[in-house]
Each structure stands twice: as structure tokens, then as C-alpha cells.
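These numbers were taken from a predicted model, which means no experiment stands behind them. Throughout, a chain's letter reflects where its sequence line sits, starting with A, and its residues are numbered from 1.
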Amino acid sequence: MSQPVLEMRGISKRFPGVIALNNVDLAVSNGEVVALAGENGAGKSTLMNILGGIYQPDEGQVFVNGNAVEFRGVADATARGIGFVHQELNVLDNLTVAENVFLGREPLKAGFLIDRKKLNSATKTYIAKLGLEVEPDTPLGELSIAQQQMVEIAKALSLNARILIMDEPTSSLTLTETGQLLSVIADLRTEGVSIIYISHRLGEIRQIADRVVVLRDGKNAGTLERSEIDHDRIVKLMVGRDIEEFYVHGEGGVTSSFAEIRGLRTRRYPSAPISFDVRKGEILGIAGLVGAGRSEAAQAIFGVDASEEAKVSLDGHQINIRSARDAIRNGIYLVPEDRRIAGLIVDLPIRENITLPALSRYSSAGLVSKNRESKRAAEMCERLKVKAPSTETKAANLSGGNQQKVVLAKWLSLDPKLLIFDEPTRGIDVGAKSEIYQLMRDLAASGVAIMMISSDMEEILRESDRIAVMHEGSITGILDRAEASEEAVMRLAVGH
Amino acid sequence: MRKELGTFVLLVVLCIALAILNPSFLASANLQNLARLIGIYGIFSIGLGLVIITGGIDLSVGSVFALLGVLLSIFLVDWHLPAAIAVIAVVAISTSLGLINGFLITKVRIQPFIVTLCGLLFYRGLARFIANDETKGFGAAQGFETLQSMATGSLFGVPTPFIILVVISLVMWVVIHRSVYGRYLFAVGRNEVAARYSGINADLITASAYVLCGLLAAIAGVLLAFYTNSISPSSHGNFYELYGIAAAVLGGCSLRGGEGSIVGILIGTALLQVLQNLVNLLGMPSSLNFAVMGAVILIGVIADQLLRQRKAANATV
């Protein structure tokens, strides 16, 4: 290997109560695409934030082109040719493409006026290089997410980035857009730009990476060269054991129809009514690409995004859902995708979060009994093994897994009939993940009908009894366990 | 709790200092008048506090006072309506105005600041138009002396507005800090989305805060009208919404919503009134009134911010 353009040696970083990184090494050569893999919380983001100048390491050194460097802020990292394309785009959609690219360093004329001509022509060269076919003066808000991402890359390139960090760049892209992005990455590589690519999508890693560096629990877990990259090896390094251990297979053998959804039309796809059944005691996986309308369907069934004329029946009884209140009254609950915004009121204690949907159960004459609440909350926390100092702990201070358990505790303290999970294990560590799967299984076994929306192919294939696949608002197919495979799901997900 | 405590300490220190600097602070006439004003201001400040807990704001309260005062004078003096009917009418009107605010904010989805800013302008103009821009009053209050005594009288030496405030505070304390409704109010103020996902009718809760604010404004408005006994439609109630907002903020309500307490609002109200009293008793020019108040609120907020930062810094070490 030639002299590495970037070397991070013995990097350690501690946060209160956690060692985020422990003596981690990472080297990248000129024009190399290094994929950085690892479970959530493995330390990928911390490591990249150190490289991007956002955090400073407690120990260890960073070398760029063989010179030791110290980044005290983002500007230092930028000056050394490091560009960072964040997962959540850092663009201003009220400005134009060109204004975004040159934000903070606009070419000037007469000392204080923006030189628009120069601004637009300079931008044009960068976006043309990336194959982005838009005018520099287009308002960014009119671009798709994928195009906005290209603008971020253009911005990094205009800053002469030689090392480009891309954090989950494809998480909200369609298949075609992903393909385009990957070919842009291949082009950049031939120009000698080095890329650190963070992704959970092992297929993309296989396709693009020269090398995979895997982190686990804040340490180097191993490196795979191009020829060694395969799915099982990566997963094994990521989790440190064989994956079979902690996925619990469903027993199957489920029977009668329990929840029937007929003619559900969401606001996003009003012309695509969907109908399906969820059987008692089964986990119905809902697969599809981002934007397929899965969350919208869940929100419509739960009544938070009132759908038009959906017919929902539970156990043969037609029910009318106009608001979340109606759904909750009938035992239909949603564990939403964004638990910190929709699932919990994070500034409130665990106790208040758990009792919120059914406060009347813990009150008499309109007055809440804190004793009754505390008792119930403590019971639920014990049952779900929530790790927290007490039920008065603010939900904000819990880990992702424990937060998710509190959301579940909220619903399990009532009587679930149909429980909808939207991305139930996103951002949750491996241990809590397997507990949540186990819980889902137990619930199903006790007769609850479960819908599980997931973008995690592993999860969908292993946890579902049946898989409904959605594409642009419609259900393109429902697969039984025997028919389910990654290929079959993907075929339906892209609409074939 | 810590936040209220800071304001409370400030209030006590201020009272002691004032008593030392000018002993007539403790004269019963002064204390009585102070209690009367705290009573009137406290009632509508609680209403504003509720709105602020939902993450909203109500700028229209002062103008509503002018409108209610003018109408009350017309009902009683010009139309000779029975006192009870006049009061019920005024309360109904103010509560309806709150309902309109609530509707525009939750259903038409206009920002509370805008809705109530328009209210501030509209009701002031309406009051002036109805009154022909002439000062209205109650004369000798013939036929509604009892009603007048609610504002100007005392019970066992305690001014009636203060007693009314105590009763309202007790009721509102239970409602806000112990009832299901109160829990919902804080939940919606903190995170409306999560509250909706827990089956709470967030719009209804938010709108109800404006209705309650209207109701409390009506009670305070009637007392204020009789306290001043003359209603100049262009100035009556000017800036009163700001006193209420200031009291709520001093008492620990966050303008981001989801935070606040009845006790805090009461302490905040008392602090503002003692400050006014201070300006008078220390012989400062009364033109300095607002400047003193603004400075004290700013110092209080800065102190709170510094304490908070220090606490956060300690927590991460």
C-alpha cells in the first residue's frame, strides 16, 4: 500500500459514562474507498466526528499526508482537505444550489456584493462533474433528496476535499439514485479522492468498497480486503458472534384473520387503496423502500394521519378510526419510527410517559394518583427490563433501547390487539434488539396481531411470519415464509 | 421548584430592603393596596401562564380589558342591566374571544403571536369606537354597589381581589398540578406530536387554555374596571398582557412551553407589584417604572441562565 493519505492512530474518546472509542486505528490510501461498518453505538460516528473536527480525541493522533495534525474545529479539518457529508443533510432549502455550495465564502464584487455570475459559473463546474443536471440558481427546496446530497458533495469538492466522509448517504435514496451515487463515488476514486463510506447496507459495501473496517464496542474488530468482503464475514465481525444466536425464529402455524384493513388510502398516495389482513398471533412484516408509503399506512391505521374511508375491522367488528384516541380505545397501538419525537415526551419522566395514553386508569374524579402510576410504571419497567435508576428518570436520559422499551411499556400496560411497529430496532444496540424481538414473539404467541415495518432486510426476513411488500403506496405482493427471500422482497419493492 | 425558589428569594430580599429603606412599605394601607393589585394581576397572569405552558402566547389581554371595561360601563350605567347579567355577559364575551383565539390557532393553524397581536389591535380599536373614544365610568355605582365592592372592598381586612385570587389559585393549582387535564396541558406543551400519538386531543387542550385565559381575563377585567373606576378606552389595560407574561416567565414558565407552575406565577406577579411599589416609595420618578421592571426581569433571566449553564457544566464533568 502506498503512503496513506490519512492515518488515525490509537484514537480514544470518552463521554460521561461511556468509552466511545478505545485505541482505534484507521488508515486510508489515496483514491481508496474504505467502508466503515459496525452496529449502532460501535463508534463509527464518533470516529468520523473526530476526523471532521467536531470532537477532539482524548488520546491518539491524526496524520494527513504523513503530517501530524490537530483539529480544533470543523474549519481545521476542512483546511486539511476533509469533507463531511452528513446523514442528515446540512443544506438550507431556502437558498439556491449555488448559494449553498458557496455558503460563507461567496465570491464578492465591490467588496460586499455577491458576484452572482461567478457564483453560478463556479458552481456549475462542480455540479456538472457530479452529473447533476440542475441550474445553479435553482432553489434547493425544489431538488430531490438525492440531488441535495449531490449539492453537499459539490460543496465538499469546492473546498478541495481530498478525503470525503459519507455517513449513511443512501439511507433515504431510491435504488436508481443509489446507483447514481455509487457511480459518482467510483468517478471520484479515479480522480484520487479517498472516501470513507459508512453504511449499514452490506450490498453497497460489497459493490463499492476496496476495504471494510469494522468497529465493535468502540474498538477495531477487524478489516476485510476487497476479496474477502462478504455478508456473513462482515456481520460476524460486527456482532462478534454468529448471527443465528440471537434471532428467534417464528413458530408459524397461525390461523384466522384478525385485523382486516380494506381500502386504506393515505394522504400521500390517495389513489392507491390498500387492503390486507393481519392474523392473530402473527408478525406481518411490511417491507419496501423508503418512501413506499409504509409509515403513512401505519399512521393512517393508527388515526394520527386521518385516512379517507378506510375500513378497519378487528375480530369481525367494524371500527371507526378518526383519531389516535379511537385507535387506542380499540387496542390498536403504534410504536412510531421516531421515538424521540412521536413515541415519547423525552423531558418527562418514564412514569408519565407510560401512563399518558390511559391516565384515567390511574385517576379518580379527574385527579391523577401518582402512587397508582408509580406502581404500574415500576411493574412495566421490571417486566420489560428497562434499565433506569427509577421510574422518575427522564426518558431523555435513557439509551435508545431503553427508550423503545418505555414506548412499548406504554402500550403493553393497556390491552394490545393490533400492535404496529415502525422500524422497531432502528438505533438500538444488539442486546436490546434481541429482547425486543423476543417480546414481539411473546406478544404474538399471546394472540396479539403484529405489523412490523422495517427497512432492515435481515430483520424482515427473520422475524416475519409473512411479508407484505409495498411500492409507491401499493402492496405489490405478500410473501409466505417459504417464498420469502431477499431477492423476492427486492423484486416486489421496486415494483416488479 | 428551584426556579420558583430563586424568584421567591428575590421577592423576600426586595421586601426586606424596601421595609428598611422606607418603613411606610409596611403601613397597612400600602400593604392592602399591594395585595389588591396582586389579586387583580395574579388572576389574569395565571390565565397567561396556562397559555404559555401550551407553548403559546396571548397578547390581546390588555385590549380585552379595555373592551370589557367599556362594555361593562355601558351595560350597567347606560342600559341599567342587573349586575349579575352584566357580569355574565362580559364573562361570556371574553371567554368567546378566547375560543376564537383557540380556533384560529389550532384549526386555522395561525401562530398564536399573530392571532393575538391582531386581537390586541382589533379589540382596542373596537373599544375606542364603541366608547366614542370617551372615558367611561361607573359614577357612584348606584344599583351595583356589591359588585363594586368586589374590587374595592375588603373582608376581615383582606382586599377582596386578593381573596378571589387565593380561591382561583387553589382551584387552578389542583387543575394544573393534580388533574388529568393538567397533565395533558404539560404534555401538549412539551411535545404536541407525542401527545397526539398517545391519543390526546392536542387541539382541544391547546384551545381550552385560551378559553380559560379568556375566562380569567374577564374576572380580572371586571375587578380592574371597578378598581380604576374610569375607563379611558385608548389607555385602559395598556401593556397588561406584558405584565402577565413577565410574571409567568419570572415564575418559571418557559416560552417554549411545557414548563411552569401556579406558585411560580403568583411569586412572579407579587415581585412585579413590589417593584412598582418600590419605585413609588423610594421617590423615584414614576417615569422610571418600566425601566426598573425591565432591568430586574433581565437580571433575573440572566442569573437563571448562568445558573443553568453552571448546572449543565457540572453535570457533564
Salt bridge present between A/Glu373 and A/Lys370 (N-O < 4.0 angstrom) | no
Let me know if A/Ile345 has heavy atoms under 4.5 Å from chain B in its side chain, its backbone, both or neither.
-> both
Which one of A/Val346, A/Leu348, A/Leu356 has the most heavy-atom pairs closer than 4.5 Å to chain B?
-> A/Leu356
Check each of A/Asp326, A/Leu419, A/Leu418 against A/Ile332 using the side chain to side chain contact (heavy atoms under 4.5 Å, CB included) test, and report the only one that passes.
-> A/Leu418
A/Leu334 versus chain B, heavy atoms under 4.5 Å apart: side chain, backbone, both or neither?
-> side chain
Which word best sums up how the rings of B/Tyr41 and B/Tyr243 line up, parallel for under 30°, tilted for 30 to 60°, or perpendicular for over 60°?
-> perpendicular
Residue A/Arg340 versus chain B: region with a heavy atom under 4.5 Å = backbone
Which atoms of A/Thr355 come close to chain B, meaning under 4.5 Å heavy atom to heavy atom: side chain ones, backbone ones, both, or neither?
-> side chain
Just checking, any donor-acceptor pair under 3.5 angstrom between side chains of B/Glu241 and B/Ser60?
-> no
Atom group of A/Ser363 that falls short of 4.5 Å from chain B, counting heavy atoms = side chain
Would you kindly say whether B/Thr106 and B/Tyr210 are connected by a side-chain donor-acceptor distance under 3.5 Å?
-> no
Which atoms of A/Ile341 come close to chain B, meaning under 4.5 Å heavy atom to heavy atom: side chain ones, backbone ones, both, or neither?
-> both
Where on A/Lys410 is there a heavy atom nearer than 4.5 Å to chain B: the side chain, the backbone, both, or neither?
-> side chain
Other residues, nucleotides, ligands: >12 heavy atoms within 6.0 Å of B/Phe8 CZ | no
Hey, are A/Asp338 and A/Arg426 close enough for a salt bridge, meaning a charged N less than 4.0 Å from a carboxylate O?
-> no
Between chain B and each of A/Ala365, A/Pro357, A/Ala342, count heavy-atom pairs under 4.5 Å; write down the option with the most.
-> A/Ala342
